Amino acid sequence: MAEAQTLLEVDGLRCGYGEAVVLSEVSFSLAAGRSLALLGRNGTGKTTLINTLVGAARRHAGRITLAGREIHGLPSWERAAAGIGWVPQERNIFKSLTVEENLTAVARPGRGPAAWTPQRAFELFPRLAERRRNLGNQLSGGEQQMLAVARALVLNPRLLLLDEPLEGLAPIIVEELLHAIRRVVRDEGLSAIVVEQHPAMVLAITDEAIVLDRGGVVLRAASQALLDDPAPLEPWLGVASHG
Ligand SMILES: Nc1ncnc2c1ncn2[C@@H]1O[C@H](COP(=O)(O)OP(=O)(O)OP(=O)(O)O)[C@@H](O)[C@H]1O
């Protein structure tokens with residue numbers, strides 16, 4: 001089998017905020033069509049890593065390469081144009097626009113029948129289709145999260161970054177979101193990095209996992225292997241590795 005093409009390469013990344021260094025040396029790569037769970041205890045720098053990939057935190061050293069192109073010197077909007085789709089923890093949707101306007105305002109044409117359009121996003125999230133004329137500020141937290149994911153999808157990114165997409169949501173919504181994310185990353189093969197503190201759910205929808213601690217990557221393994229035997233997670237996530 002031919003080796004899958006590398007989509008994202010992070011090499012010797014040192015990053016943080018201002019003068020503060022949160023991650024001292026992070027290196028990993030992600031092949032096209034693969035998905036990665038980004039795990040780690042509270043405050044280990046998961047969000048900082050995502051923010052550095054999109055240009056919202058400070059890179060002190062190291063390289064970030066997307067599809068062979070160095071992007072670490074580019075401003076955020078150029079990274080988005082290069083194919084990075086970002087769903088931040090804060091779900092920054094437009095609250096004074098309708099659901100539909102949130103999608104049409106940012107949609108960018110993709111290639112082929114699998115390209116994401118507002119219509120396809122509504123098929124993925126029927127709850128959003130029902131609320132297409134509602135304003136962003138009339139949505140529940142779960143619906144806002146679905147809209148944030150849908151908005152990232154209609155930009156037709158090459159790489160989707162989801163920062164704790166399940167946090168604080170009701171169980172029924174978590175199920176719906178997981179189902180949708182699985183469809184997008186597993187069935188349709190969109191490359192993705194999914195941040196989570198609690199491994200069980202995210203391991204079930206990703207191909208591989210890395211764990212951050214002590215300023216770098218302390219573990220990398222296949223998600224299925226960690227589901228079968230979570231023991232390697234124990235030193236880094238403690239009891240969380242069971243849940
Ligand atoms: N804007 C900021 N300015 C300065 N320091 C920050 C900022 N945001 C986060 N930090 C610090 O960076 C460190 C890593 O935080 P980060 O949010 O990346 O961790 P995390 O693994 O995503 O944690 P969580 O699971 O709680 O979201 C923490 O010590 C935090 O206090």
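Here the structure is a predicted model, which is why all the values come from computation and not from measurement. Quick note: residue numbers are just sequence positions, from 1. Any value given below was found using the heavy atoms of this structure, including those in side chains, with hydrogens, waters and symmetry copies removed. Just follow the structure's listing: the first ligand is 1, and inside any ligand the first atom is 1.
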> Crowded around Arg214 CZ? As in, over 12 foreign heavy atoms under 6.0 Å?
Replying inline: no
Numbering as shown, the atoms of ligand 1 that approach [X] to under 4.0 Å (heavy-atom distance):
X: Glu164; value: 24 (P), 25 (O), 27 (O)
X: Thr47; value: 17 (O), 18 (O), 20 (P), 22 (O), 27 (O)
X: Gln89; value: 27 (O)
X: Arg41; value: 21 (O)

> Taking all atoms of both residues into account, what is the closest heavy-atom pair of Ser191 and Arg158, and its distance?
Replying inline: CB-O, 3.5 Å
>> Using every non-hydrogen atom in the two residues, find where Leu36 and Leu30 come nearest and quote the distance to one decimal.
In response: CB-CD1, 3.9 Å
>> Would Arg131 pass as a cation-pi partner of Phe125, given that its NZ or CZ must be under 6.0 Å from the six-membered ring centre and within 45 degrees of the axis?
In response: no
>> Does the Lys NZ or Arg CZ of Arg132 fall within the cation-pi geometry relative to Phe122 - under 6.0 Å from the ring centre and within 45° of the axis?
In response: yes
>> I'd like to check atom 4 (C) of ligand 1 in this structure: does the protein have a heavy atom lying under 4.0 Å from it?
In response: yes
> Is the closest protein non-hydrogen atom to atom 31 (O) of ligand 1 under 4.0 Å?
Replying inline: no
> Would Leu161 end up clustered with Val184 when hydrophobic side chains under 4.5 Å apart are linked, directly or stepwise?
Replying inline: no
>> For the backbone of Leu212 and the side chain of Lys46, can you confirm whether one donor and one acceptor N or O come within less than 3.5 Å of each other?
In response: no
>> If we ignore hydrogens and angles and just use 3.5 Å, is the side chain of Thr206 paired with the main-chain N or O of Ser35 as donor and acceptor?
In response: no
Looking only at protein heavy atoms, identify the closest one to [atom] and say how far it is in Å.
atom: atom 15 (O) of ligand 1; answer: Thr48 OG1, 3.8 Å
atom: atom 9 (C) of ligand 1; answer: Tyr17 CE1, 3.5 Å
atom: atom 24 (P) of ligand 1; answer: Asn42 OD1, 3.5 Å
atom: atom 12 (O) of ligand 1; answer: Val22 CG2, 3.4 Å
atom: atom 19 (O) of ligand 1; answer: Gly45 N, 3.2 Å

> Does an N or O from Gly43, backbone or side chain, lie closer than 3.5 Å to an N or O of ligand 1?
Replying inline: yes
> Is the shortest distance from a Lys or Arg side-chain nitrogen in Glu123 or Arg183 to a carboxylate oxygen in the other one below 4.0 Å?
Replying inline: no
>> Could you check whether any heavy atom of Gly40 sits closer than 4.0 Å to an atom of ligand 1, since that is the contact criterion I want to use?
In response: no
